[in-house]
Amino acid sequence: MINPKPWPRSRFEHPTLQVARALLGQRLVRRHSHGQRLAGIITETEAYIGSDDLACHARSGQTMRNASMWGPAGHAYVFFTYGMHWMLNIVTEAEGFPAAVLLRGIWPTEGIQIMHANRDAPSRRALGDGPAKLCQALEIDRQWDGVDLCRKDAQLFIESMPAVDEILVTTGPRVGLTQVPEPWKSIPWRFRVDPRKIPAETGGFPG
DNA sequence: GCGACGATGGGCT
DNA sequence: GCCCATCGTCGCA
């Protein structure tokens with residue numbers, strides 16, 4: 001049996017594509033009340049890299065909303081969109097360079113009852129198979145923007161799990177980019193793994 | 001299973 | 001005013 005440890009900051013201080021890829025199969029953990037954990041295996045990520053990336057919120061410079069992306073790696077960047085949804089990113093690379101990984105999907109493994117109470121979902125999978133869904137399931141909103149995932153007492157962090165085999169990873173264009181020009185619209189900066197193919201001993205399926 | 005579409009409000013030009 | 005790094009529902013297969 002493995003004894004998972006939280007990712008240290010050094011693991012986020014790498015090129016964003018590497019971090020986005022490496023986060024697949026890792027465990028996202030949210031400490032809830034009464035010592036209860038809400039957690040899931042990360043199944044889908046996207047990279048947003050610098051102000052040259054015209055899909056990245058950093059494209060129009062630093063503002064109040066996106067300031068977290070310029071901060072140190074290993075912090076949360078949480079933003080609000082479509083009038084009702086929150087999205088969770090993890091900041092990457094060097095402080096001063098705006099980049100982050102969007103978490104787009106988890107396979108829930110702990111605290112499933114609480115997640116069902118947090119959002120009306122028809123299945124376990126549907127609790128976390130979307131960037132706004134996982135935020136709702138884990139109760140992530142504006143108050144988590146800028147939070148450090150690498151502190152010893154962090155209430156939100158990544159727990160280290162065995163790396164997912166390269167052969168299980170698929171890539172493709174990032175989702176939901178409508179007005180974004182090429183090459184940014186189609187560049188394959190989205191990473192996915194089928195949780196059913198992650199070995200059970202790593203907590204991938206079915207938990 | 002899949003495509004279309006409306007909801008809804010903050011951020012930016 | 002317009003634009004969203006989305007989601008749930010509805011219609012149709």
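Keep in mind that the numbers below use all heavy atoms, side chains included, and drop hydrogens, waters and symmetry copies. Remember, predicted model here, so these are calculated numbers, not experimental data. Sequence lines set the chain letters: A, B, ... in the order given, protein chains first and strands last, and positions in each chain run from 1.
Contact annotation: the side chain of A:N89 approaches that of A:F79 to within less than 4.5 Å [non-hydrogen atoms, C-beta and beyond]. By the 4.5 Å heavy-atom criterion applied to side chains, A:P108 and A:L127 are counted as neighbours. Contact annotation: the side chain of A:I140 never approaches that of A:W86 to less than 4.5 Å [non-hydrogen atoms, C-beta and beyond]. Counting heavy atoms from C-beta on, the side chains of A:W189 and A:L17 come closer than 4.5 Å. Contact of the A:M69 side chain with the A:Q62 side chain is not registered, since no non-hydrogen atoms from C-beta on lie closer than 4.5 Å. Considering only heavy atoms from C-beta on, A:Q36 stays 4.5 Å or farther from A:Q113 through its side chain. Looking only at side-chain heavy atoms (C-beta outward), A:R196 and A:R125 come within less than 4.5 Å of each other. Two residues are said to be in side-chain contact when any heavy atoms from C-beta on lie closer than 4.5 Å; A:W7 and A:V19 meet this criterion.
Of the residues in residues 181-190 of chain A, none lies under 4.0 Å from DNA chain B by heavy-atom distance. Heavy-atom distances under 4.0 Å link DNA chain B to A:T63, A:R65 of residues 50-66 of chain A, given in residue order. At a non-hydrogen distance threshold of 4.0 Å, A:L102, A:R104 from residues 95-105 of chain A come into contact with DNA chain C.
Heavy atoms of A:F80 sit under 4.0 angstrom from primed sugar atoms or phosphate atoms, though from no base atom.
Rounded to an integer number of Å, the gap from OH of A:Y77 to C1' of B:dG11 is 10 Å. The distance from atom NE2 of A:H85 to atom C1' of B:dA7 is 9 Å, rounded to the nearest whole Å. In this entry the distance linking CZ of A:F79 with P of C:dC3 reads 18 Å, nearest Å. A:Y82 places its OH atom 16 Å from the P atom of B:dG11, with the value rounded to the nearest Å. Rounding to whole angstrom units, CG of residue A:N118 and P of C:dC7 are separated by 16 Å.
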- Task: Could you please spell out the steps behind the side-chain contact (heavy atoms from CB on, under 4.5 Å) verdict for A:L88 and A:W144?
- Result: CA-CA 9 Å; A:L88 171 62; A:W144 293 85; 5.8 Å; no
- Take A:V193 and A:I198, measure what side-chain contact (heavy atoms from CB on, under 4.5 Å) needs, and give me the verdict at the end. CA-CA 8 Å; A:V193 63; A:I198 300 175; 4.1 Å; yes
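Mapping A:M84 and A:R142 onto DNA chain B by nearest heavy atom places A:M84 at the nucleotide closer to the 5' end.
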- Per-nt protein contacts along nucleotides 8-13 of chain C (heavy atom under 4.0 Å; B base, S backbone sugar-phosphate only, - none) come out as S-----
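To the nearest 0.5 Å, atoms OG (A:S33) and CG (A:L38) are separated by 8.0 Å.
Between A:K197 and A:D165 no salt bridge is recorded (no basic side-chain N to carboxylate O distance below 4.0 Å).
Each of A:R174, A:K185, A:R59 was evaluated against A:D53; a single residue qualifies, A:R174, per the salt bridge (charged side-chain N to carboxylate O under 4.0 Å, His left out) test.
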- Query: What would the secondary structure line of DNA chain C be in dot-bracket form, counting Watson-Crick and G-U wobble pairs under 3.5 Å, with [ ] for pairs that cross earlier ones and | for pairs with another strand?
  - Reply: ||||.|||||||.
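At distances below 3.5 Å, at least one donor-acceptor pair connects side-chain atoms of A:T45 with backbone N or O atoms of A:A20. A donor-acceptor pair is defined here as one N or O able to donate and one able to accept, closer than 3.5 Å; no such pair exists between the side chain of A:E44 and the backbone of A:R190.
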Table please: side-chain donor-acceptor pairs of residues 71-78 of chain A below 3.5 Å, with sequence neighbours left out.
{"unit_1": "A:H75", "atom_1": "ND1", "unit_2": "A:G146", "atom_2": "O", "d": "3.1"}
{"unit_1": "A:Y77", "atom_1": "OH", "unit_2": "A:H57", "atom_2": "ND1", "d": "2.7"}

